[in-house]
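Worth saying up front: this structure is predicted, and the values here are computed from it rather than measured.
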Amino acid sequence: MTSPGPEVIVIEESQGREEPLELDPTRLLPGSALPGQAVRNIFTDHTGRFFAGIWRSGTGSWRVAYTENELCVLTAGKVRISDGDGRSWTFGPGECFVMPAGFTGIWEVLEPASKFYAIYEPPGES
């Protein structure tokens, strides 16, 4: 008898255990309060490079430098992302976007926000 294959993973806000995130205070923009943040990681693949779950944050602004590729689906609140070239993007509930590896800029939570995320961390360069 063969064992069943993998099953579909449903991502819901009631799954998993929510854990607080500690944002490095040195990444905050001047005048920004340290936002309360939490993550509920629901899935990690066998390689440890792919993750999916739920993130939430209070208001605040901080610098980001992505080494990973992240698919985001905002479920509540409002965020603005800006890059060093003066471009910015604002997202609200139901909007979907990708943060590509190599992106650097500013992440601002304008209204308390939550998102579904799927993150792939590519292997480091040899």
Side-chain angles (χ1 to χ4, degrees):
M1 178 185 239
T2 62
S3 62
E7 62 182 76
V8 171
I9 308 298
V10 178
I11 298 177
E12 296 177 331
E13 298 216 13
S14 62
Q15 287 180 283
R17 183 172 54 103
E18 185 173 87
E19 299 179 22
L21 283 178
E22 298 296 329
L23 181 64
D24 178 353
T26 64
R27 293 175 44 203
L28 290 173
L29 294 185
S32 177
L34 185 64
Q37 295 187 338
V39 66
R40 190 178 294 265
N41 199 64
I42 296 167
F43 176 79
T44 302
D45 78 343
H46 72 281
T47 69
R49 296 181 195 274
F50 180 75
F51 310 88
I54 299 166
W55 167 91
R56 66 180 180 79
S57 178
T59 58
S61 304
W62 58 93
R63 290 174 206 77
V64 293
Y66 276 78
T67 59
E68 69 276 20
N69 295 296
E70 180 181 11
L71 171 70
C72 305
V73 180
L74 208 63
T75 57
K78 189 175 189 179
V79 301
R80 179 173 45 230
I81 299 158
S82 306
D83 68 12
D85 295 324
R87 299 176 293 186
S88 71
W89 301 264
T90 302
F91 301 101
E95 294 188 290
C96 182
F97 55 98
V98 170
M99 298 299 299
F103 178 90
T104 59
I106 305 296
W107 184 290
E108 297 175 85
V109 176
L110 304 171
E111 298 171 4
S114 62
K115 69 180 177 186
F116 291 116
Y117 64 83
I119 296 173
Y120 175 70
E121 179 76 50
E125 295 190 25
S126 317

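Here the straight-line distance linking atom CH2 of W55 with atom CD1 of I119 works out to 11.0 Å at 0.5 Å rounding. To the nearest 0.5 Å, the span separating OG1 on T90 from CD1 on I81 amounts to 8.5 Å. F91 contributes atom CZ, which lies 9.0 Å from atom CG of L74 (distance to the nearest 0.5 angstrom). In this structure, the separation between CD on E13 and OG1 on T75 is 5.5 Å, given to the nearest 0.5 Å. From Y120, atom OH reaches atom CZ of F51 across 11.0 Å, with rounding to the nearest 0.5 Å. In this structure, the separation between CD1 on I11 and CZ on F116 is 7.5 Å, given to the nearest 0.5 Å.
Using a cut-off of 4.0 Å between Lys/Arg side-chain N and Asp/Glu carboxylate O, E121 and R49 are scored as not salt-bridged. We find that E70 and K115 are joined by a salt bridge, their nearest charged nitrogen and carboxylate oxygen being less than 4.0 Å apart.
Taking hydrophobic clusters as Ile, Leu, Val, Met, Phe, Trp and Tyr residues chained together by side-chain heavy-atom distances below 4.5 Å, L21 shares a cluster with Y117. Note on V39: it clusters hydrophobically with V79, by side-chain heavy-atom contacts below 4.5 Å among ILVMFWY residues.
The side-chain heavy atoms of P35 and V109, taken from C-beta on, include no pair separated by under 4.5 Å. No side-chain heavy atom of E68 sits less than 4.5 Å from a side-chain heavy atom of M99. R63 places a side-chain heavy atom less than 4.5 Å from the side chain of L29.
Of the possible donor and acceptor atoms, one in the side chain of S32 sits under 3.5 Å from a partner among the backbone N and O of S61. For D45 (side chain) and F50 (main-chain N/O), a donor-acceptor pair under 3.5 Å exists by modelled atom type. Judged by distance alone, the side chain of R27 and the main-chain N or O of W62 form no donor-acceptor pair under 3.5 Å. Remark: side-chain polar atoms of N69 are not paired, donor with acceptor, to backbone N or O of P100 under 3.5 angstrom. For the pair S57 (side chain) and Q37 (backbone), a donor-acceptor distance under 3.5 Å is absent.
What you find for P93 and G77 is that their closest heavy atoms are CD-O, 3.2 Å. For R40 against Q15, the heavy-atom pair with the smallest separation is CD-O, 2.6 Å. D83 approaches D85 most closely through the heavy-atom pair OD1-N, 2.9 Å. Taking both residues in full, the closest heavy atoms of L23 and L34 are given as O-CD1, 3.7 Å, listed atom of the first, atom of the second, then distance. In terms of heavy atoms, L28 sits closest to A33 at CD2-O, 3.8 Å. Shown here for I42 and V10, the closest heavy-atom pair between the two residues is CG2-O, 4.1 Å.
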side-chain contact (heavy atoms from CB on, under 4.5 Å) evaluation trace for S82 with R87: CA-CA 6 Å; S82 306; R87 299 176 293 186; over 6 Å; no

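Taking the six-membered ring where tryptophan is involved, the planes of F103 and W89 are perpendicular, since the angle between them exceeds 60° and thus also 30°. Using bins of under 30°, 30° to 60° and over 60° for the plane-to-plane angle, the ring pair F97/W107 lands in the tilted bin.
Side-chain contact annotation: T59 with E111, donor-acceptor N/O pair under 3.5 Å absent.
Atom CD of E12 has more than 12 neighbouring heavy atoms from other residues, nucleotides or ligands inside a 6.0 Å radius.
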